[in-house]
Amino acid sequence: MAAATATLRWVLQLHRDVPRAARFYAEGLDFSVNVCTLRWAELQSGPLKLALMHTNDSNLASQRVYSSMLSFTVPDISSTVSKLMALGAELDGPIKYEIHGKVAALRCIDGHMLGLYELA
C-alpha cells in the first residue's frame with residue numbers, strides 16, 4: 001500500500017476588500033468564483049484553488065514585501081497586463097522580452113505578487 005501524500009487544498013491571500021479582489025482575479029485572469037462573501041471567497045483556475053480572506057490590516061498593500069508569488073502562463077501578456085492594471089494592479093518593473101518568452105511581474109490590489117509568462 002502506498003503512503004498517503006499531502007495534497008494542496010488552496011492558496012490563501014489576505015485582502016481588505018474580498019469582493020473587489022475576487023472581481024480582480026475573475027475579470028483579470030478568468031478565475032471562476034465558487035463562493036464570495038464580504039469576508040471569504042473561493043476561486044478556481046484549473047486545479048488551483050485560491051482562497052481570499054478579509055483582513056482589517058490597513059498596511060497590507062504598503063508593506064511591499066515579496067512573500068509568495070502566483071505565476072500564470074497567459075496567451076497574450078500585453079492584453080493581460082492592461083486588463084490587470086485597469087483593475088488596479090501595478091507593474092513591478094517592465095515587461096521583459098526573454099528568448100524563451102515574455103515575462104512580467106505585477107502587484108495586485110493588496111500588494112500580492114503575480115508573475116505572468118507568455119511563451120515565445
Side-chain angles (χ1 to χ4, degrees):
M1 178 181 225
T5 60
T7 303
L8 180 66
R9 186 167 169 205
W10 35 252
V11 174
L12 174 71
Q13 288 185 339
L14 298 176
H15 286 274
R16 290 174 293 167
D17 185 337
V18 170
R20 181 176 177 218
R23 190 170 48 256
F24 176 86
Y25 285 104
E27 294 177 13
L29 292 164
D30 299 321
F31 273 69
S32 57
V33 179
N34 299 334
V35 174
C36 185
T37 69
L38 293 175
R39 301 194 53 76
W40 179 262
E42 292 179 15
L43 295 84
Q44 191 156 354
S45 176
L48 173 69
K49 289 188 179 181
L50 178 62
L52 310 175
M53 190 169 77
H54 179 261
T55 182
N56 286 322
D57 185 354
S58 60
N59 296 320
L60 187 63
S62 65
Q63 292 174 358
R64 297 286 184 206
V65 295
Y66 292 91
S67 57
S68 62
M69 174 187 260
L70 299 180
S71 181
F72 299 93
T73 300
V74 297
D76 181 348
I77 204 165
S78 296
S79 67
T80 304
V81 165
S82 295
K83 220 179 349 179
L84 292 172
M85 289 180 70
L87 291 164
E90 296 176 9
L91 266 174
D92 191 48
I95 295 173
K96 295 182 180 172
Y97 299 85
E98 306 290 342
I99 292 172
H100 55 81
K102 300 173 190 171
V103 293
L106 297 101
R107 286 189 183 277
C108 76
I109 53 179
D110 279 317
H112 299 289
M113 292 302 299
L114 303 177
L116 303 180
Y117 175 67
E118 177 188 329
L119 291 170

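Just so it is clear, the values below take in all heavy atoms, side chains as well, and ignore hydrogens, waters and symmetry mates.
Considering all non-hydrogen atoms of both residues, Ala104 and Ile95 come closest at CB-CG1, 4.0 Å. Shortest non-hydrogen contact noted between Val33 and Ala26 is CG2-CB, 3.9 Å. Of all heavy-atom pairs between Ala41 and Val18, the closest is CB-CG1, 3.6 Å. Pro19 and Cys36 make their closest contact through CA-SG, 3.8 Å (heavy atoms, listed as atom of the first residue, atom of the second, distance). The shortest heavy-atom contact between Glu27 and Leu87 is OE1-CD2, 3.4 Å. What you find for Gln13 and Tyr25 is that their closest heavy atoms are OE1-OH, 2.8 Å.
For the atom pair Leu116 CG and Lys102 NZ, the distance stands at 12.0 Å (nearest 0.5 Å). The line from CG of Leu12 to CH2 of Trp40 is 5.5 Å long, rounded to the nearest 0.5 Å. Of the inter-residue distances, the one linking Arg107 atom CZ with Met69 atom CE reads 8.5 Å to the nearest 0.5 angstrom. Rounding to the nearest 0.5 angstrom, the gap separating the OG atom in Ser71 from the CG atom in Leu114 is 9.0 Å. Between Leu84 atom CG and Leu91 atom CG the span is 9.5 Å, to the nearest 0.5 Å. The structure places OG1 of Thr55 at 12.5 Å from CG of Asp17, a figure rounded to the nearest 0.5 Å.
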**Message:** side chain to side chain contact (heavy atoms under 4.5 Å, CB included) for Arg20 and His15? Distances and angles first, verdict last.
**Reply:** CA-CA 9 Å; Arg20 181 176 177 218; His15 286 274; over 6 Å; no
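Following chains of ILVMFWY side-chain contacts shorter than 4.5 Å, one cannot reach Ile77 starting from Tyr117, and the two form parts of different hydrophobic clusters. At a threshold of 4.5 Å between side-chain heavy atoms, the hydrophobic network of Ile, Leu, Val, Met, Phe, Trp and Tyr places Leu50 and Leu38 in two separate groups. Cluster annotation: Met85 and Val103 are assigned to distinct hydrophobic clusters (Ile/Leu/Val/Met/Phe/Trp/Tyr, side-chain heavy-atom contacts under 4.5 Å, transitive). The cluster map of Ile, Leu, Val, Met, Phe, Trp and Tyr, joined by side-chain heavy atoms under 4.5 Å apart, puts Leu119 and Val81 in different clusters.
The shortest distance between side-chain heavy atoms of His54 and Thr37 does not fall below 4.5 Å.
Of the possible polar contacts, one joining the Gln44 side chain to the Gly46 backbone as a donor-acceptor pair under 3.5 Å is found. Looking at Asp110, its side chain does come within 3.5 Å of a backbone N or O of Arg16 through a donor-acceptor pair.
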